[in-house]
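In the text below, chain A, chain B and the rest are named by the order of the sequence lines, each starting its count at 1.
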Amino acid sequence: MYPDPRVSEYVTRHFVPVRAHVKEQRDEYRRLSERFDAQWTPTILMVDEDGHERHRIEGFLPVDDFLSQLALGRAKAAFAGKDYPAAERLYREVLEKFPSTDAAPEAQYWAGVSRYRATNDAAALSDTSRAFRERYQDTTWAKKASVWK
Amino acid sequence: MAVTSTIQWQHDFDAALAHAGADRLVLLDFSAAPM
């Protein structure tokens with residue numbers, strides 16, 4: 001993952017990268033793995049400025065999948081911070097840049113929720129439900145959106 | 001390896017957290033990869 005220049009560029013641009021290595025930083029690894037209940041390597045957490053975990057990746061992923069998860073984490077952090085326009089923009093970025101990844105249907109769902117939160121317009125949810133009838137029909141996220149007819 | 005080195009990994013989580021912000025999360029990598 002990290003040797004790919006797209007990954008290293010994305011990480012450098014959008015994150016403060018910290019590595020806790022199971023052997024090289026043994027004490028810090030133990031302390032942080034207990035704090036965040038990390039039980040496997042690789043486990044990659046996205047943590048906001050208040051120390052709250054906003055997203056987690058467990059196990060290796062190919063580059064596009066990994067990048068999509070990093071973007072998803074940024075979107076989740078914006079949503080948690082109630083910056084719904086930014087959250088929607090970031091979720092739609094996942095959809096546009098990584099449409100074939102597992103993150104895409106999740107991003108489509110939460111983009112709709114973000115727009116609803118930003119506008120209080122229920123059309124954002126019905127539009128999202130309609131979008132799931134065209135794409136990602138066979139996903140859990142489509143089932144969740146199916147109530148917004 | 002040359003490209004990998006472009007990520008400047010820190011090893012002090014608390015210090016890194018102090019540099020985080022609304023647009024910049026901490027990416028905490030629990031790793032067992034060869035260094």
Can you tell me if NE2 on H19(B) sees more than 12 non-hydrogen neighbours from other groups inside 6.0 Å? no
Other residues, nucleotides, ligands: >12 heavy atoms within 6.0 Å of R133(A) CZ: yes
Could you tell me whether the side chain of L70(A) reaches within less than 4.5 Å of the side chain of L27(B), counting heavy atoms only? yes
Are Y91(A) and Y116(A) connected in a single hydrophobic cluster, I mean Ile/Leu/Val/Met/Phe/Trp/Tyr linked by side-chain heavy atoms less than 4.5 Å apart? yes
I'd like to know which of Q25(A), R31(A), R56(A), K23(A) tops the heavy-atom pair count under 4.5 Å against chain B. Q25(A)
Sort out for me which residue in V22(A), I44(A), T43(A), V18(A) forms a side chain to side chain contact (heavy atoms under 4.5 Å, CB included) with F30(B). T43(A)
Find out if a path of hydrophobic residues (ILVMFWY) with successive side-chain heavy-atom gaps under 4.5 Å connects F98(A) to W110(A). no
When the ring centroid of F13(B) is compared with that of F36(A), is the distance short of 6.0 Å? yes
Do you reckon V94(A) sits in the same ILVMFWY cluster as L67(A), going by side-chain contacts under 4.5 Å, direct or chained? no
Q8(B) and P17(A): which non-hydrogen atoms are nearest, and at how many Å? O-CG, 3.6 Å
Hey, quick one: are W9(B) and V26(B) part of the same hydrophobic cluster, counting side-chain heavy atoms closer than 4.5 Å, chains of contacts allowed? no
Chain A interface, residue from A32(B), A16(B), A20(B) that has the most non-hydrogen pairs under 4.5 Å: A32(B)
For each of V11(A), D50(A), I57(A), V7(A), tally heavy-atom pairs with chain B at distances under 4.5 Å, and name the one with the top tally. V11(A)
Side chain, backbone, both or neither: which part of A33(B) has a heavy atom under 4.5 Å from chain A? backbone
Tell me whether L25(B) is reachable from L17(B) by hopping between hydrophobic residues (I, L, V, M, F, W, Y) whose side-chain heavy atoms are closer than 4.5 Å. no
Take a 6.0 Å sphere around CG of D23(B) and say whether it holds more than 12 heavy atoms from other residues, nucleotides or ligands. no
Can you find a pair of side-chain heavy atoms, one from S8(A) and one from T6(B), that are under 4.5 Å apart? yes
Would a 4.5 Å heavy-atom cut-off, applied to side chains only, mark I7(B) and T12(A) as touching? yes
Look only at the side chain of R24(B) and the backbone of R13(A), and say whether a donor-acceptor pair between them is shorter than 3.5 Å. yes
